Amino acid sequence: MRKKIVAGNWKMNKLQNEAKKLVNQVVALLQNSNLSDNKRVIFSPPSIYLEGVSLITNKEAFIHSCSQNIYSENSGAYTGELSAEMIKSVGCEYTLVGHSERRALFYETDIILAKKVSSALMQGVTPIFCCGELLAERNSKKHYDIIKAQIEGGLFHLTEDEFSNIIIAYEPVWAIGTGKTASSNQAQEMHAFIRGLVTAKYGNITSDNLTILYGGSCNPANAAELFSCPDVDGGLIGGASLVAEDFVKIIAAL
Ligand code: PGA
């Protein structure tokens with residue numbers, strides 16, 4: 001059975017004391033929740049807090065930490081970067097790869113992202129691979145082609161075995177941080193399309209087990225409707241993950 005996940009992407013927000021407070025508040029609020037091996041919560045703080053957050057989440061069975069980014073090499077002369085091996089060494093088991101802000105602001109291409117995905121998998125770190133189209137691409141009806149190209153370019157070099165350790169997040173760029181959520185129909189259509197691509201390449205078992213998260217202005221008011229779609233297995237939450245009560249309400253909608 002595929003896992004249902006709510007992941008919080010804090011982006012470049014929170015100071016150290018605030019980060020600690022937020023994670024502790026959420027963990028406390030989740031004490032009597034119905035998390036299980038199939039329902040998980042993930043925090044993706046700025047990398048400077050990853051070790052501290054991991055120390056807290058690693059005491060919890062179904063709560064995990066996640067890096068917002070990794071570099072594709074394990075070590076060496078790459079000033080400013082951090083590797084999958086390093087995040088793993090501080091107790092972190094997930095990493096975002098290819099968030100639209102990394103693609104747009106840091107010029108990350110499909111080739112770079114494919115290498116990051118492989119590097120994470122080699123270290124036993126689960127990549128949460130993000131994809132999404134721009135508004136102009138949707139308006140010109142190119143959104144399916146764009147998502148297909150991003151998934152093929154970033155993920156389809158993997159073997160079936162490797163692919164079974166991937167999580168995908170569909171995040172339409174026009175919905176990120178804008179308050180403009182995709183409708184549940186738009187989300188379901190694209191998630192079903194993505195699952196179809198995976199079925200064609202890797203077969204039914206792999207695609208049935210694939211967790212596909214929705215991201216983009218997901219909040220306590222719209223989470224339940226989005227998560228009720230058959231191919232939406234949870235969410236990657238930005239703004240609303242910065243407020244403990246809101247994040248916990250979204251988790252309750254899983
Ligand atoms: P948002 O961000 O929830 O603030 O729209 C989502 C994301 O960027 O992962």
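Heavy-atom basis, side chains included; hydrogens, waters and symmetry copies ignored. Predicted, not measured: the structure shown is a model, and the values here were computed from it. For ligands, and for the atoms within them, numbers begin at 1 and follow the listed sequence.
Side-chain atoms of Glu108 never come within 3.5 Å of backbone atoms of Ala104 as a donor-acceptor pair (strictly under, hydrogens ignored).
Closer than 4.0 angstrom to ligand 1 sit non-hydrogen atoms from Asn9, Lys11, His99, Glu171, Ala175, Ile176, Gly177, Gly216, Ser217, Leu236, Ile237, Gly238, Gly239.
A search for ring pair (Phe, Tyr, Trp, His ring centres under 6.0 Å) contacts involving His64 returns Tyr94, not counting sequence neighbours. Under the side chain to side chain donor-acceptor pair (under 3.5 Å) criterion, Ser65 pairs with Ser54, sequence neighbours left out.
No more than 12 heavy atoms of other residues, nucleotides or ligands shown are found within 6.0 angstrom of CG on Asp161.
Pairs passing the side chain to side chain donor-acceptor pair (under 3.5 Å) check and including a residue from residues 198-207, sequence neighbours excluded, read Glu160-Thr206, Thr199-Ser207.
Results of the side chain to side chain contact (heavy atoms under 4.5 Å, CB included) test with Cys130 over Arg103, Glu171, Gln150 single out Glu171 as the only residue that passes.
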